[in-house]
Amino acid sequence: MKFDLDTQQRDFAASIDAALSTADVPAAARAWAAGSHESGLAVWSTLAELGVTALAVSEKYDGIGAHPVDLVVALEGLGKWAVPGPVVESLAVAPVLLAEDERSAQLASGELIATVAAPPHTPRALDADIAGLVLIADDIGFREARAGAQHESIDATRRVFDVTPAGGGASLDTSRAIDFGVLAISAQLIGAGQALLDRAVEYAKQRSQFGRPIGSYQAVKHKLADVHIALELARPLVYGAALSLADDSPTAARDVSAAKVAAGKAAYQAARSSLQTHGAIGFTAEYDLSLWILKVRALTSAWGTPEWHRNRVLEAL
């Protein structure tokens with residue numbers, strides 16, 4: 001069986017790529033890390049215009065009600081461009097939690113940005129200071145919450161907050177929403193890993209050593225080829241997990257965990273190899289490469305550590 005994106009999905013990915021390529025996302029991410037959100041929110045407005053914020057919202061609330069594969073396409077693009085903000089929480093998790101809530105219409109339009117904490121694996125809420133809605137999800141449902149103390153992440157664009165219950169909610173099985181979070185962050189990791197590989201390949205073509213581009217040396221070629229293979233092997237697992245969620249498959253939890261492990265490992269390999277290819281310049285905070293390297297490091301443990309996801313796969317088997 002051949003798994004491939006259709007023409008509409010490829011066009012959607014291309015439209016996201018084209019829009020974000022002109023939005024100076026690295027500058028918006030740096031401003032976001034410094035506490036200035038204006039340029040980052042402008043990027044979110046662009047996403048709303050493209051329909052990205054409406055993907056997981058049902059048509060009942062003016063959303064698209066798209067297939068989970070479409071969500072993966074979008075999140076991979078956002079990972080590729082290191083878009084700041086609670087993209088996983090607002091675009092993938094909150095729409096599932098608020099499926100029968102009228103506030104879903106605001107999520108779809110982009111008027112409302114939501115963030116979610118889901119203890120124990122996601123005990124704090126990302127960017128709770130700018131989110132219009134903060135939620136806590138547990139085994140019995142979700143509740144509204146308020147932001148508390150702020151904590152720094154290794155990725156400066158990811159500011160996480162303690163949260164405490166503050167209002168009403170609903171009783172429901174939140175496992176599907178959490179699995180959507182895991183799926184979305186896996187797609188984000190694939191996108192970030194691809195961005196790191198693309199930058200390493202481009203640098204290897206331009207940087208010369210001993211009179212030759214460093215990309216002509218077998219050691220560099222093989223290292224980057226290994227990253228390409230890792231990403232290409234992980235990507236089908238992510239799309240396969242999306243299909244499992246769409247079909248409410250009994251193996252969906254196992255499949256999203258397997259996708260998260262593979263995507264995290266591939267993206268981390270991309271980060272290491274890209275840094276080694278760039279050399280000392282890759283270590284500098286002023287160089288854009290650092291935005292993706294640090295994001296991958298943070299996302300690898302977000303929405304469940306690799307160890308927890310491996311154990312979930314093992315238990316399912």
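- In terms of modelled atom types and a separation under 3.5 Å, the side chain of Trp44 and the main chain of Pro84 share a donor-acceptor contact.
- Closest heavy-atom contact between Leu98 and Leu133: CD1-CD2, 3.6 Å.
- Closest heavy-atom contact between Ala125 and Val134: CB-CG1, 4.2 Å.
- Hydrophobic clustering places Val57 together with Leu183 (ILVMFWY residues linked when any side-chain heavy atoms are closer than 4.5 Å, directly or through intermediates).
- Not a single donor-acceptor pair under 3.5 Å links the side chain of Ser273 to the backbone N or O of Ala270.
- Atom CD of Glu38 sits in a sparse spot, with 12 or fewer heavy atoms from other residues, nucleotides or ligands closer than 6.0 Å.
- Using a 4.5 Å cut-off on side-chain heavy atoms (C-beta onward), Leu107 and Ser90 make contact.
- The hydrophobic cluster containing Phe142 does not contain Ile140, counting ILVMFWY residues as joined when their side-chain heavy atoms lie under 4.5 angstrom apart, directly or transitively.
- Between the side chains of Glu89 and Trp303, a donor-acceptor pair is found at a separation under 3.5 Å.
- When side chains are defined from C-beta on, Leu41 counts as touching Ile113, because their heavy atoms get closer than 4.5 Å.
- Between Ser274 and Ile293 there is no side-chain heavy-atom pair separated by less than 4.5 Å.
- Salt bridge status for Lys260 with Asp179: absent, with no side-chain N to carboxylate O gap under 4.0 Å.
- Between His37 and Trp32, the ring planes lie perpendicular to each other; the angle is over 60°, past the 30° to 60° tilted range.
- Thr305 contributes a side-chain N or O that, together with a main-chain N or O of Trp308, makes up a donor-acceptor pair within less than 3.5 Å.
- Using modelled atom types, no side-chain atom of Arg124 and backbone atom of Gln150 make a donor-acceptor pair closer than 3.5 Å.
- In the hydrophobic clustering of ILVMFWY residues, with side-chain heavy atoms under 4.5 Å counting as a link, Ile185 and Leu294 come out apart.
- Residues His309 and Val182 have side chains in contact (heavy-atom distance under 4.5 Å, counting atoms from C-beta outward).
- Residues Phe180 and Val116 fall within the same hydrophobic cluster, defined by Ile, Leu, Val, Met, Phe, Trp and Tyr side chains chained together at heavy-atom separations under 4.5 Å.
- Partners of Asp247 under the side-chain contact (heavy atoms from CB on, under 4.5 Å) rule, at least two apart in sequence or in another chain, do not exist in this structure.
- Within the 3.5 Å criterion, the main-chain N or O of His67 finds a donor-acceptor partner in the side chain of Asp70.
- A donor-acceptor contact under 3.5 angstrom links the side chains of Asp198 and Gln194, judged on distance only.
- The closest side-chain heavy-atom distance from Leu112 to Ser104 is not below 4.5 Å.
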Step by step, work out the salt bridge (Lys or Arg N to Asp or Glu O under 4.0 Å) result for Arg10 and Asp17. CA-CA 10 Å; Arg10 290 183 182 278; Asp17 197 53; over 6 Å; no
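- In Glu307, the CD atom is crowded: over 12 heavy atoms of neighbouring residues, nucleotides or ligands sit closer than 6.0 Å.
- In this structure, Leu189 and Tyr268 have side chains that are not in contact, with every pair of non-hydrogen atoms separated by 4.5 Å or more.
- One finds no salt bridge joining Glu202 and Arg199 here, because no Lys/Arg side-chain nitrogen approaches an Asp/Glu carboxylate oxygen to under 4.0 Å.
- In this structure, a donor-acceptor pair under 3.5 Å is present between the side chains of Arg312 and Ser257.
- In this structure, Val73 is not a member of the same hydrophobic cluster as Leu237, with clusters built from ILVMFWY side-chain heavy atoms closer than 4.5 Å.
- In this structure a side-chain-to-backbone donor-acceptor pair under 3.5 Å is present from Arg30 to Glu286.
- Side-chain atoms of Leu135 and Val163, non-hydrogen and from C-beta on, never get closer than 4.5 Å to each other.
- Among residues two or more places apart in sequence or in another chain, the side chain to side chain donor-acceptor pair (under 3.5 Å) test is passed with Thr157 by Asp155, Lys295.
- Heavy-atom minimum distance, Thr300 versus Pro306: O-CD, 3.5 Å.
- Taking 4.5 Å as the limit, every side-chain heavy atom of Val88 sits out of range of all side-chain heavy atoms of Leu299.
- When all heavy atoms of Ala131 and Thr115 are compared, the pair lying nearest together is CB-CG2, 3.7 Å.
- Taking the side-chain contact (heavy atoms from CB on, under 4.5 Å) definition, one finds that Ala204 meets it with Ile214, Val220, Leu224, Thr277, sequence neighbours left out.
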